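In the text below, chain A, chain B and the rest are named by the order of the sequence lines, each starting its count at 1. What you are looking at is a predicted structure, and each value in this text was computed from that prediction instead of being measured.
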Protein chains: 2
Amino acid sequence: MSDTPSGENGIGIEPDAVAEDARVARTRADVSRAALEVLTGEGWEAVTHAHVARVAGYSKTTLYTHWPSRSDLLTMALEAIGDMPHHDLVGDVRTDLIGELRMLRDAIATQRLDRVLMAMAQWGATVAEIGRVRRRIVDDGEKHTRQMLGAVIQGPELEAAVSMLSGSVVCPTLMYGTLPDDATIEAAVDILLRGIGR
Amino acid sequence: MSDTPSGENGIGIEPDAVAEDARVARTRADVSRAALEVLTGEGWEAVTHAHVARVAGYSKTTLYTHWPSRSDLLTMALEAIGDMPHHDLVGDVRTDLIGELRMLRDAIATQRLDRVLMAMAQWGATVAEIGRVRRRIVDDGEKHTRQMLGAVIQGPELEAAVSMLSGSVVCPTLMYGTLPDDATIEAAVDILLRGIGR
(Lines give C-alpha, C1' and ligand atoms only; values in the text may rest on other atoms or scores of the structure.)
Protein backbone atom coordinates (compact mmCIF):
# COMPACT_ATOMS: atom_id res chain seq x y z
CA MET A 1 0.00 0.00 0.00
CA SER A 2 3.05 2.33 0.11
CA ASP A 3 2.42 3.43 -3.49
CA THR A 4 -1.16 4.51 -2.83
CA PRO A 5 -1.34 8.30 -3.35
CA SER A 6 -1.89 10.04 -0.07
CA GLY A 7 -4.19 13.05 0.36
CA GLU A 8 -7.44 14.31 1.79
CA ASN A 9 -10.71 12.67 0.72
CA GLY A 10 -12.89 15.65 1.53
CA ILE A 11 -13.94 14.58 5.02
CA GLY A 12 -10.50 14.80 6.51
CA ILE A 13 -9.69 11.09 6.67
CA GLU A 14 -6.73 9.52 4.90
CA PRO A 15 -7.89 6.96 2.27
CA ASP A 16 -5.34 4.53 3.70
CA ALA A 17 -6.94 4.82 7.13
CA VAL A 18 -10.39 4.18 5.62
CA ALA A 19 -9.12 1.10 3.82
CA GLU A 20 -7.42 -0.04 7.00
CA ASP A 21 -10.61 0.37 9.02
CA ALA A 22 -12.57 -1.62 6.45
CA ARG A 23 -9.95 -4.36 6.51
CA VAL A 24 -10.06 -4.60 10.30
CA ALA A 25 -13.87 -4.63 10.25
CA ARG A 26 -13.87 -7.45 7.70
CA THR A 27 -11.30 -9.40 9.70
CA ARG A 28 -13.34 -8.87 12.85
CA ALA A 29 -16.50 -10.15 11.15
CA ASP A 30 -14.68 -13.23 9.80
CA VAL A 31 -13.01 -14.01 13.12
CA SER A 32 -16.25 -13.47 15.10
CA ARG A 33 -18.10 -15.90 12.84
CA ALA A 34 -15.33 -18.47 13.12
CA ALA A 35 -15.15 -18.11 16.91
CA LEU A 36 -18.91 -18.63 17.20
CA GLU A 37 -18.72 -21.64 14.89
CA VAL A 38 -16.01 -23.19 17.10
CA LEU A 39 -17.93 -22.32 20.28
CA THR A 40 -21.19 -23.97 19.23
CA GLY A 41 -19.51 -26.78 17.29
CA GLU A 42 -16.93 -27.87 19.85
CA GLY A 43 -17.44 -25.90 23.06
CA TRP A 44 -15.66 -22.88 24.52
CA GLU A 45 -12.52 -24.83 25.48
CA ALA A 46 -11.78 -25.15 21.74
CA VAL A 47 -11.91 -21.36 21.28
CA THR A 48 -8.15 -20.77 21.13
CA HIS A 49 -6.18 -18.35 18.94
CA ALA A 50 -4.61 -21.23 16.98
CA HIS A 51 -7.89 -23.01 16.27
CA VAL A 52 -10.01 -19.94 15.50
CA ALA A 53 -7.23 -18.58 13.22
CA ARG A 54 -7.22 -21.86 11.28
CA VAL A 55 -11.02 -21.93 10.92
CA ALA A 56 -11.18 -18.21 9.95
CA GLY A 57 -8.27 -18.47 7.51
CA TYR A 58 -6.09 -15.82 9.19
CA SER A 59 -2.70 -16.05 10.86
CA LYS A 60 -2.43 -16.57 14.59
CA THR A 61 -0.37 -13.35 14.68
CA THR A 62 -3.25 -11.35 13.20
CA LEU A 63 -5.58 -12.66 15.89
CA TYR A 64 -3.14 -12.01 18.72
CA THR A 65 -2.50 -8.47 17.42
CA HIS A 66 -6.15 -7.40 17.46
CA TRP A 67 -7.58 -9.67 20.18
CA PRO A 68 -4.78 -10.63 22.56
CA SER A 69 -6.76 -12.70 25.08
CA ARG A 70 -8.99 -15.75 24.81
CA SER A 71 -11.75 -13.80 26.48
CA ASP A 72 -11.58 -11.31 23.56
CA LEU A 73 -12.31 -14.20 21.18
CA LEU A 74 -15.13 -15.49 23.37
CA THR A 75 -16.63 -12.02 23.67
CA MET A 76 -16.62 -11.70 19.89
CA ALA A 77 -18.20 -15.14 19.50
CA LEU A 78 -21.00 -14.23 21.91
CA GLU A 79 -21.50 -10.82 20.31
CA ALA A 80 -21.91 -12.57 16.95
CA ILE A 81 -24.96 -14.41 18.26
CA GLY A 82 -27.97 -12.72 16.76
CA ASP A 83 -31.35 -12.49 18.40
CA MET A 84 -32.44 -15.47 20.48
CA PRO A 85 -34.95 -17.77 18.77
CA HIS A 86 -38.54 -17.03 19.75
CA HIS A 87 -41.88 -18.68 19.23
CA ASP A 88 -44.44 -16.62 17.26
CA LEU A 89 -46.81 -15.46 19.98
CA VAL A 90 -50.49 -16.34 19.50
CA GLY A 91 -51.86 -14.49 22.53
CA ASP A 92 -52.69 -17.52 24.68
CA VAL A 93 -50.33 -17.62 27.68
CA ARG A 94 -50.21 -21.43 27.98
CA THR A 95 -49.57 -21.95 24.27
CA ASP A 96 -47.00 -19.17 24.17
CA LEU A 97 -45.04 -20.34 27.23
CA ILE A 98 -44.97 -23.91 25.85
CA GLY A 99 -43.86 -22.50 22.49
CA GLU A 100 -41.02 -20.54 24.09
CA LEU A 101 -39.77 -23.56 26.05
CA ARG A 102 -39.91 -25.81 22.99
CA MET A 103 -37.96 -23.18 21.08
CA LEU A 104 -35.30 -23.14 23.83
CA ARG A 105 -35.13 -26.94 23.79
CA ASP A 106 -34.79 -27.04 20.00
CA ALA A 107 -32.09 -24.34 20.04
CA ILE A 108 -30.12 -26.44 22.50
CA ALA A 109 -30.49 -29.49 20.25
CA THR A 110 -29.79 -27.87 16.87
CA GLN A 111 -27.77 -24.72 17.60
CA ARG A 112 -26.07 -26.07 20.75
CA LEU A 113 -27.26 -23.17 22.84
CA ASP A 114 -26.15 -25.23 25.85
CA ARG A 115 -22.54 -24.61 24.82
CA VAL A 116 -23.26 -20.88 24.63
CA LEU A 117 -24.81 -21.06 28.09
CA MET A 118 -21.81 -22.91 29.52
CA ALA A 119 -19.37 -20.41 28.03
CA MET A 120 -21.39 -17.53 29.49
CA ALA A 121 -21.63 -19.21 32.89
CA GLN A 122 -17.92 -20.02 32.95
CA TRP A 123 -16.60 -16.66 31.73
CA GLY A 124 -19.40 -14.26 32.63
CA ALA A 125 -18.46 -14.39 36.31
CA THR A 126 -14.85 -13.29 35.83
CA VAL A 127 -14.76 -11.19 32.65
CA ALA A 128 -16.93 -8.07 32.94
CA GLU A 129 -17.34 -7.73 29.17
CA ILE A 130 -18.66 -11.30 28.89
CA GLY A 131 -20.93 -10.62 31.86
CA ARG A 132 -22.45 -7.74 29.87
CA VAL A 133 -22.91 -9.81 26.72
CA ARG A 134 -24.48 -12.59 28.82
CA ARG A 135 -26.95 -10.11 30.26
CA ARG A 136 -28.02 -9.03 26.78
CA ILE A 137 -28.41 -12.61 25.51
CA VAL A 138 -30.30 -13.79 28.62
CA ASP A 139 -32.55 -10.70 28.63
CA ASP A 140 -33.38 -11.28 24.97
CA GLY A 141 -34.00 -15.00 25.57
CA GLU A 142 -36.33 -14.36 28.52
CA LYS A 143 -38.15 -11.28 27.26
CA HIS A 144 -41.42 -12.87 26.13
CA THR A 145 -41.69 -15.18 29.14
CA ARG A 146 -40.90 -12.32 31.49
CA GLN A 147 -43.45 -10.08 29.80
CA MET A 148 -46.24 -12.66 29.92
CA LEU A 149 -45.63 -13.57 33.56
CA GLY A 150 -44.89 -9.98 34.58
CA ALA A 151 -48.52 -9.12 33.81
CA VAL A 152 -49.58 -11.40 36.69
CA ILE A 153 -46.71 -11.58 39.20
CA GLN A 154 -43.76 -9.43 40.26
CA GLY A 155 -40.69 -9.44 42.48
CA PRO A 156 -39.41 -12.73 43.92
CA GLU A 157 -42.40 -14.63 42.47
CA LEU A 158 -41.55 -13.43 38.96
CA GLU A 159 -37.86 -14.25 39.40
CA ALA A 160 -38.72 -17.71 40.72
CA ALA A 161 -41.20 -18.37 37.91
CA VAL A 162 -38.81 -17.37 35.10
CA SER A 163 -36.01 -19.54 36.55
CA MET A 164 -38.38 -22.47 37.07
CA LEU A 165 -39.47 -22.44 33.45
CA SER A 166 -35.89 -22.13 32.16
CA GLY A 167 -34.90 -24.86 34.60
CA SER A 168 -37.44 -27.30 33.15
CA VAL A 169 -35.35 -27.31 29.96
CA VAL A 170 -31.84 -26.40 31.14
CA CYS A 171 -31.61 -28.69 34.21
CA PRO A 172 -32.23 -32.01 32.39
CA THR A 173 -29.66 -30.91 29.79
CA LEU A 174 -26.96 -30.20 32.36
CA MET A 175 -27.81 -32.82 34.96
CA TYR A 176 -28.87 -35.86 32.93
CA GLY A 177 -27.65 -34.98 29.45
CA THR A 178 -31.21 -35.28 28.08
CA LEU A 179 -33.78 -32.83 26.76
CA PRO A 180 -37.36 -32.72 28.10
CA ASP A 181 -40.09 -34.18 25.89
CA ASP A 182 -43.27 -32.26 25.03
CA ALA A 183 -45.22 -33.84 27.90
CA THR A 184 -42.65 -32.62 30.44
CA ILE A 185 -42.61 -29.10 28.99
CA GLU A 186 -46.43 -28.98 29.09
CA ALA A 187 -46.43 -30.29 32.66
CA ALA A 188 -43.97 -27.54 33.68
CA VAL A 189 -46.15 -24.81 32.18
CA ASP A 190 -49.31 -26.24 33.75
CA ILE A 191 -47.69 -26.49 37.20
CA LEU A 192 -46.50 -22.91 36.85
CA LEU A 193 -49.81 -21.47 35.68
CA ARG A 194 -51.75 -23.23 38.44
CA GLY A 195 -49.05 -22.16 40.89
CA ILE A 196 -49.45 -18.48 40.07
CA GLY A 197 -53.21 -18.76 40.18
CA ARG A 198 -53.97 -18.82 36.45
CA MET B 1 12.27 -52.78 47.41
CA SER B 2 14.50 -55.32 45.63
CA ASP B 3 15.91 -56.48 48.98
CA THR B 4 12.51 -57.23 50.51
CA PRO B 5 12.35 -61.01 51.08
CA SER B 6 9.87 -62.55 48.72
CA GLY B 7 7.54 -65.36 49.70
CA GLU B 8 3.94 -66.28 50.41
CA ASN B 9 2.03 -64.37 53.10
CA GLY B 10 -0.43 -67.20 53.75
CA ILE B 11 -3.16 -65.93 51.43
CA GLY B 12 -1.20 -66.43 48.26
CA ILE B 13 -0.30 -62.77 47.57
CA GLU B 14 3.28 -61.57 47.31
CA PRO B 15 4.08 -59.00 50.08
CA ASP B 16 5.62 -56.74 47.44
CA ALA B 17 2.36 -56.78 45.54
CA VAL B 18 0.45 -55.91 48.70
CA ALA B 19 2.79 -53.01 49.44
CA GLU B 20 2.50 -51.87 45.82
CA ASP B 21 -1.31 -51.97 45.97
CA ALA B 22 -1.26 -49.91 49.16
CA ARG B 23 1.07 -47.39 47.56
CA VAL B 24 -1.15 -47.02 44.51
CA ALA B 25 -4.24 -46.70 46.72
CA ARG B 26 -2.56 -43.95 48.75
CA THR B 27 -1.45 -42.15 45.60
CA ARG B 28 -4.95 -42.45 44.18
CA ALA B 29 -6.47 -40.98 47.35
CA ASP B 30 -3.99 -38.07 47.36
CA VAL B 31 -4.44 -37.34 43.68
CA SER B 32 -8.25 -37.59 43.89
CA ARG B 33 -8.32 -35.10 46.73
CA ALA B 34 -6.00 -32.72 44.89
CA ALA B 35 -8.03 -33.01 41.68
CA LEU B 36 -11.25 -32.21 43.55
CA GLU B 37 -9.56 -29.27 45.29
CA VAL B 38 -8.48 -27.87 41.91
CA LEU B 39 -11.91 -28.52 40.39
CA THR B 40 -13.87 -26.66 43.07
CA GLY B 41 -11.18 -24.03 43.66
CA GLU B 42 -10.44 -23.09 40.06
CA GLY B 43 -12.83 -24.92 37.75
CA TRP B 44 -12.42 -28.02 35.58
CA GLU B 45 -10.24 -26.29 32.98
CA ALA B 46 -7.49 -26.11 35.63
CA VAL B 47 -7.62 -29.89 36.17
CA THR B 48 -4.49 -30.78 34.15
CA HIS B 49 -1.81 -33.37 34.89
CA ALA B 50 0.80 -30.67 35.56
CA HIS B 51 -1.35 -28.67 37.96
CA VAL B 52 -2.88 -31.59 39.88
CA ALA B 53 0.57 -33.21 40.22
CA ARG B 54 1.93 -29.98 41.72
CA VAL B 55 -0.97 -29.65 44.17
CA ALA B 56 -0.83 -33.35 45.14
CA GLY B 57 2.96 -33.36 45.49
CA TYR B 58 3.58 -36.13 42.94
CA SER B 59 5.45 -36.11 39.65
CA LYS B 60 3.59 -35.54 36.40
CA THR B 61 4.99 -38.89 35.23
CA THR B 62 3.32 -40.72 38.13
CA LEU B 63 -0.02 -39.17 37.21
CA TYR B 64 0.34 -39.94 33.51
CA THR B 65 1.33 -43.54 34.28
CA HIS B 66 -1.77 -44.33 36.35
CA TRP B 67 -4.30 -41.88 34.87
CA PRO B 68 -3.28 -41.10 31.30
CA SER B 69 -6.18 -38.83 30.31
CA ARG B 70 -7.64 -35.63 31.73
CA SER B 71 -11.00 -37.34 31.95
CA ASP B 72 -9.37 -39.88 34.33
CA LEU B 73 -8.41 -37.01 36.63
CA LEU B 74 -11.87 -35.46 36.40
CA THR B 75 -13.54 -38.80 37.08
CA MET B 76 -11.41 -39.22 40.21
CA ALA B 77 -12.23 -35.68 41.34
CA LEU B 78 -15.96 -36.32 40.96
CA GLU B 79 -15.71 -39.73 42.64
CA ALA B 80 -14.01 -38.03 45.58
CA ILE B 81 -17.14 -35.96 46.20
CA GLY B 82 -18.86 -37.45 49.20
CA ASP B 83 -22.59 -37.41 49.78
CA MET B 84 -24.45 -34.31 48.62
CA PRO B 85 -25.38 -31.87 51.41
CA HIS B 86 -28.94 -32.32 52.63
CA HIS B 87 -31.28 -30.45 54.92
CA ASP B 88 -32.41 -32.38 58.02
CA LEU B 89 -35.97 -33.29 57.15
CA VAL B 90 -38.65 -32.16 59.61
CA GLY B 91 -41.62 -33.85 57.95
CA ASP B 92 -43.31 -30.72 56.56
CA VAL B 93 -43.07 -30.71 52.76
CA ARG B 94 -42.87 -26.92 52.36
CA THR B 95 -40.20 -26.53 55.05
CA ASP B 96 -38.23 -29.47 53.73
CA LEU B 97 -38.29 -28.37 50.08
CA ILE B 98 -37.18 -24.87 51.08
CA GLY B 99 -34.46 -26.42 53.26
CA GLU B 100 -33.17 -28.54 50.37
CA LEU B 101 -33.04 -25.57 47.99
CA ARG B 102 -31.26 -23.39 50.54
CA MET B 103 -28.76 -26.19 51.06
CA LEU B 104 -28.15 -26.37 47.29
CA ARG B 105 -27.71 -22.59 47.13
CA ASP B 106 -25.28 -22.60 50.06
CA ALA B 107 -23.27 -25.49 48.57
CA ILE B 108 -22.89 -23.47 45.37
CA ALA B 109 -21.70 -20.46 47.38
CA THR B 110 -19.34 -22.21 49.79
CA GLN B 111 -18.31 -25.48 48.12
CA ARG B 112 -18.60 -24.19 44.55
CA LEU B 113 -20.97 -26.94 43.55
CA ASP B 114 -21.63 -24.90 40.40
CA ARG B 115 -18.11 -25.79 39.21
CA VAL B 116 -18.86 -29.46 39.85
CA LEU B 117 -22.08 -29.10 37.89
CA MET B 118 -20.29 -27.45 34.97
CA ALA B 119 -17.63 -30.15 34.86
CA MET B 120 -20.32 -32.83 34.85
CA ALA B 121 -22.33 -31.06 32.17
CA GLN B 122 -19.26 -30.52 29.99
CA TRP B 123 -17.73 -34.00 30.31
CA GLY B 124 -20.71 -36.18 31.21
CA ALA B 125 -22.03 -36.03 27.66
CA THR B 126 -18.88 -37.41 26.02
CA VAL B 127 -17.14 -39.57 28.64
CA ALA B 128 -19.31 -42.52 29.72
CA GLU B 129 -17.54 -42.92 33.06
CA ILE B 130 -18.21 -39.27 33.94
CA GLY B 131 -21.81 -39.72 32.81
CA ARG B 132 -22.14 -42.53 35.37
CA VAL B 133 -20.57 -40.49 38.20
CA ARG B 134 -22.83 -37.55 37.28
CA ARG B 135 -25.87 -39.81 37.53
CA ARG B 136 -24.87 -40.90 41.04
CA ILE B 137 -24.21 -37.33 42.23
CA VAL B 138 -27.44 -35.95 40.72
CA ASP B 139 -29.50 -38.87 42.07
CA ASP B 140 -28.07 -38.31 45.53
CA GLY B 141 -28.65 -34.56 45.32
CA GLU B 142 -32.28 -34.96 44.20
CA LYS B 143 -33.29 -37.92 46.35
CA HIS B 144 -35.23 -36.12 49.09
CA THR B 145 -36.98 -33.73 46.71
CA ARG B 146 -37.88 -36.58 44.38
CA GLN B 147 -39.18 -38.68 47.27
CA MET B 148 -41.35 -35.90 48.70
CA LEU B 149 -42.82 -34.94 45.33
CA GLY B 150 -43.06 -38.56 44.15
CA ALA B 151 -45.68 -39.18 46.86
CA VAL B 152 -47.99 -36.76 45.04
CA ILE B 153 -47.06 -36.71 41.34
CA GLN B 154 -45.38 -39.05 38.86
CA GLY B 155 -44.12 -39.21 35.28
CA PRO B 156 -43.64 -36.00 33.29
CA GLU B 157 -45.14 -33.93 36.14
CA LEU B 158 -42.55 -35.26 38.58
CA GLU B 159 -39.70 -34.70 36.10
CA ALA B 160 -40.90 -31.15 35.42
CA ALA B 161 -41.30 -30.38 39.14
CA VAL B 162 -37.82 -31.60 40.11
CA SER B 163 -36.19 -29.62 37.29
CA MET B 164 -38.22 -26.51 38.13
CA LEU B 165 -37.06 -26.54 41.74
CA SER B 166 -33.42 -27.13 40.78
CA GLY B 167 -33.80 -24.43 38.14
CA SER B 168 -34.88 -21.85 40.73
CA VAL B 169 -31.34 -22.05 42.16
CA VAL B 170 -29.21 -23.20 39.22
CA CYS B 171 -30.59 -20.86 36.52
CA PRO B 172 -29.83 -17.55 38.29
CA THR B 173 -26.32 -18.89 39.00
CA LEU B 174 -25.60 -19.74 35.36
CA MET B 175 -27.58 -17.01 33.65
CA TYR B 176 -27.08 -13.94 35.85
CA GLY B 177 -24.18 -15.00 38.06
CA THR B 178 -26.31 -14.45 41.18
CA LEU B 179 -27.86 -16.74 43.79
CA PRO B 180 -31.56 -16.56 44.71
CA ASP B 181 -32.44 -14.96 48.05
CA ASP B 182 -34.70 -16.68 50.60
CA ALA B 183 -37.81 -14.89 49.31
CA THR B 184 -37.23 -16.23 45.79
CA ILE B 185 -36.64 -19.78 47.04
CA GLU B 186 -39.83 -19.61 49.12
CA ALA B 187 -41.76 -18.24 46.14
CA ALA B 188 -40.52 -21.13 43.99
CA VAL B 189 -41.64 -23.74 46.51
CA ASP B 190 -45.02 -22.04 46.97
CA ILE B 191 -45.62 -21.84 43.22
CA LEU B 192 -44.72 -25.49 42.89
CA LEU B 193 -46.87 -26.73 45.78
CA ARG B 194 -49.90 -24.77 44.56
CA GLY B 195 -49.18 -25.98 41.04
CA ILE B 196 -49.28 -29.64 42.02
CA GLY B 197 -52.43 -29.09 44.07
CA ARG B 198 -50.90 -29.06 47.56
Side-chain angles (χ1 to χ4, degrees), chain A residues 43-45 101 114-115 117-126 130-131 134-135 137-139 141-142 149 153 155-178 180-198, chain B residues 43-45 101 114-115 117-126 130-131 134-135 137-139 141-142 149 153 155-178 180-198:
Chain A
W44 68 258
E45 67 279 17
L101 290 185
D114 54 327
R115 288 183 171 144
L117 180 64
M118 301 236 267
M120 295 194 305
Q122 191 90 33
W123 291 78
T126 50
I130 295 185
R134 170 171 70 176
R135 190 76 239 183
I137 292 174
V138 170
D139 282 352
E142 289 179 348
L149 297 175
I153 49 175
E157 253 201 310
L158 178 59
E159 294 313 311
V162 170
S163 293
M164 290 167 87
L165 284 182
S166 304
S168 72
V169 175
V170 170
C171 286
T173 311
L174 301 183
M175 295 182 174
Y176 322 130
T178 60
D181 56 16
D182 284 348
T184 305
I185 285 180
E186 286 168 28
V189 170
D190 288 334
I191 288 171
L192 190 97
L193 290 177
R194 276 196 303 266
I196 62 172
R198 293 284 291 226
Chain B
W44 68 258
E45 67 280 16
L101 290 184
D114 54 327
R115 288 185 171 144
L117 180 65
M118 301 235 269
M120 296 195 304
Q122 191 90 32
W123 290 78
T126 48
I130 295 184
R134 169 170 71 176
R135 190 76 238 186
I137 292 173
V138 169
D139 283 351
E142 290 179 348
L149 297 176
I153 48 174
E157 253 201 310
L158 177 59
E159 294 313 311
V162 171
S163 294
M164 290 167 86
L165 284 182
S166 304
S168 72
V169 175
V170 170
C171 286
T173 310
L174 301 183
M175 294 182 176
Y176 322 130
T178 60
D181 57 16
D182 284 348
T184 305
I185 285 180
E186 286 168 29
V189 169
D190 288 335
I191 288 171
L192 190 97
L193 289 176
R194 276 197 303 266
I196 63 172
R198 292 283 292 228

Quiz item: Could you state the interatomic distance from CZ (B/R135) to CE (A/M175), rounded to the nearest 0.5 Å?
Solution: 11.0 Å
Self-check item: Which portion of A/V169 sits near chain B, non-hydrogen atoms under 4.5 angstrom
Solution: neither
Practice problem: May I ask you to name which of B/R134, B/E157, B/E186 has the most heavy-atom pairs under 4.5 Å with chain A? | Solution: B/R134
Quiz item: When you look at B/E45 and A/E45, which way does the side chain to side chain contact (heavy atoms under 4.5 Å, CB included) test go after all the steps?
Solution: CA-CA 8 Å; B/E45 67 280 16; A/E45 67 279 17; over 6 Å; no
Self-check item: Distance, nearest 0.5 Å, that separates CG of A/L165 from CE of B/M164
Solution: 5.5 Å
Quiz item: What pair of heavy atoms forms the shortest contact from A/A160 to B/T184, and how long is it?
Solution: CB-O, 3.6 Å
Quiz item: B/R194 and A/G195: which non-hydrogen atoms are nearest, and at how many Å?
Solution: NE-O, 2.6 Å
Exercise. Quickly, which of A/I196, A/L193, A/I191 forms a side-chain contact (heavy atoms from CB on, under 4.5 Å) with B/I191? Name it, please.
Key: A/I196
Quiz item: With respect to chain A, which residue among B/A188, B/P172, B/A125 yields the maximal number of heavy-atom pairs within a distance under 4.5 Å?
Solution: B/A188
Quiz prompt | Rounded distance (nearest 0.5 Å) linking atom CD1 of A/I185 with atom CD of B/E159 | solution = 13.0 Å
Quiz item: Using non-hydrogen atoms only, which part of A/E142 is less than 4.5 Å away from chain B: side chain, backbone, both, or neither?
Solution: side chain
Exercise. Can you measure from CE (B/M118) to CG (A/L174) and round to the nearest 0.5 angstrom?
Key: 9.5 Å
Quiz item: Non-hydrogen atoms of chain A under 4.5 Å away: do they reach the side chain of B/V189, the backbone, both or neither?
Solution: neither
Exercise. Could you check A/S168, A/C171, A/S163 and say which one makes a side-chain contact (heavy atoms from CB on, under 4.5 Å) with B/S166?
Key: A/C171
